[in-house]
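Residue numbers begin at 1 in each chain, while the letters A, B, ... track the order of the sequences.
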There are 2 protein chains.
Amino acid sequence: MESQDLRKAGLKVTLPRLKVLEILEQTAQRHMSAEDVYKALLEMGEEIGLATVYRVLTQFEGAGLVSRLSIEGGHAVFELVDGSHHDHLLCVSCNRIEEFVDEVIEERQRVIAAEKGFEMTEHSLYIYGICKECQKKAG
Amino acid sequence: MESQDLRKAGLKVTLPRLKVLEILEQTAQRHMSAEDVYKALLEMGEEIGLATVYRVLTQFEGAGLVSRLSIEGGHAVFELVDGSHHDHLLCVSCNRIEEFVDEVIEERQRVIAAEKGFEMTEHSLYIYGICKECQKKAG
DNA sequence: AGTGTAAATGAGAAGAGTTTTCATTTATAT
DNA sequence: ATATAAATGAAAACTCTTCTCATTTACACT
């Protein structure tokens, strides 16, 4: 992921955009909020405005470079797009996010949309629960 | 749905709460935002504060009388709980909301949660698309 | 390399939706 | 009736996000 991707998206290659991309690629967390990205950049000693982070992430979303998850009640988090669609499992205790793909569910959704006469554009499926680690902690 | 339900939930039986319940039961729209409820009450000539509507809906949610849908990007909408779980189809053009239940999907979710070691507490599945009517309008 | 121009930026203001605060009112147990 | 804990309304506060606008920057074209 580099300058070429930005140019293809019709975006000028600027330092803020490269830095946001860099954070998204290098961070251990695959899912970051705009605030997370902003703070990570500040910690790296980069100067950037929060508004710019929001703008850039929104543009990246438009360009198909990242996707935005709108998590219940909370703020949006972003993840780099790697080509494959997937849904999410969220731990309500530690906020860990895991990903999964299930072709059975994908197919059933298409069938349901068709039955209801909907032309499906997208879907969002979140399974909320308590992850293995948090179950242990809770005893 | 009446005073008894409120008492059972440990809530005092007050006019605002009864009025909110009444709106939720009598309205043609099954899915209403806090603002919708507020405006409907004002139109009925009831005096109520928006903060009260939010508070009451949140309490009703806690009491299991209503459930809250957190729709992508937008505001929350509430629906009376009628015992049956269901998921939602949303028209991105006219905001119509339809409901569906699919046991295959329900079961797959349980399996996936188990595979990932999650103790599932709940899930949210929204299928976004364009409804039949809006497809016609768009040609 | 220098320059014009449209695009991008940062800071702060603004906006939407929701929650909180607090003084006043109300429901309900006694 | 009365005490008291809970509920209310209005406004302020809050969170997340977008917008505004003056300044800066990238890049196409000399």
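- Using modelled atom types, one side-chain atom of A:Arg17 and one backbone atom of A:Lys12 make a donor-acceptor pair closer than 3.5 Å.
- Near-neighbour residues of DNA chain C inside residues 40-48 of chain A, defined by a heavy atom below 4.0 Å, number-ordered: A:Glu47, A:Ile48.
- Aromatic ring centres of A:His123 and A:His85 lie closer together than 6.0 Å.
- C:dG10 atom P lies 11 Å from atom CZ of A:Arg17, rounded to whole Å.
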Side chains of residues 132-139 of chain B: which donor-acceptor partners sit under 3.5 Å, not counting sequence neighbours?
unit_1: B:Glu133; atom_1: OE1; unit_2: B:Arg96; atom_2: NH2; d: 3.1
unit_1: B:Gln135; atom_1: NE2; unit_2: A:Gly117; atom_2: O; d: 2.8
unit_1: B:Gln135; atom_1: NE2; unit_2: B:Ile130; atom_2: O; d: 2.7

Just the atom pairs and distances: protein N or O near nucleotides 16-23 of chain D's N or O, under 3.5 Å.
unit_1: D:dC16; atom_1: OP1; unit_2: A:His75; atom_2: ND1; d: 3.3
unit_1: D:dT17; atom_1: OP1; unit_2: A:Ala76; atom_2: N; d: 2.8
unit_1: D:dT17; atom_1: OP2; unit_2: A:Tyr54; atom_2: OH; d: 2.6
unit_1: D:dT20; atom_1: O4; unit_2: A:Arg55; atom_2: NH1; d: 3.4

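- Nearest-nucleotide assignment on DNA chain C puts the 5′-proximal partner with A:Lys12, out of A:Lys12 and B:Lys12.
- The separation between A:Leu11 atom CG and C:dT9 atom C1' is 14 Å, rounded to whole Å.
- Side chain of B:Arg30 to backbone of B:Leu80: a donor-acceptor contact under 3.5 angstrom is found.
- Considering only side-chain N and O atoms, A:Thr14 lies nowhere under 4.0 angstrom from the phosphate OP1 or OP2 of C:dA7.
- Looking only at distances, a side-chain donor or acceptor of A:His86 sits under 3.5 Å from a matching main-chain atom of A:Ser84.
- In this structure, B:Arg7 reaches the C:dT28 phosphate: one of its side-chain N or O atoms is under 4.0 Å from OP1 or OP2.
- With respect to B:Phe78, the side-chain contact (heavy atoms from CB on, under 4.5 Å) criterion is satisfied by exactly one of B:Val20, B:Val66, B:Val53, B:Leu65: B:Val66.
- Using the six-membered ring where Trp is involved, B:Tyr126 and B:Tyr128 have ring planes that are tilted, between 30° and 60° apart.
- There is a side-chain donor-acceptor pair under 3.5 Å between A:Glu99 and A:His31.
- What separates CZ of A:Phe60 from P of C:dA8 is a distance of 11 Å, to the nearest Å.
- When the P atom of C:dT19 is taken as reference, atom OH of B:Tyr38 falls 16 Å away, rounded to whole Å.
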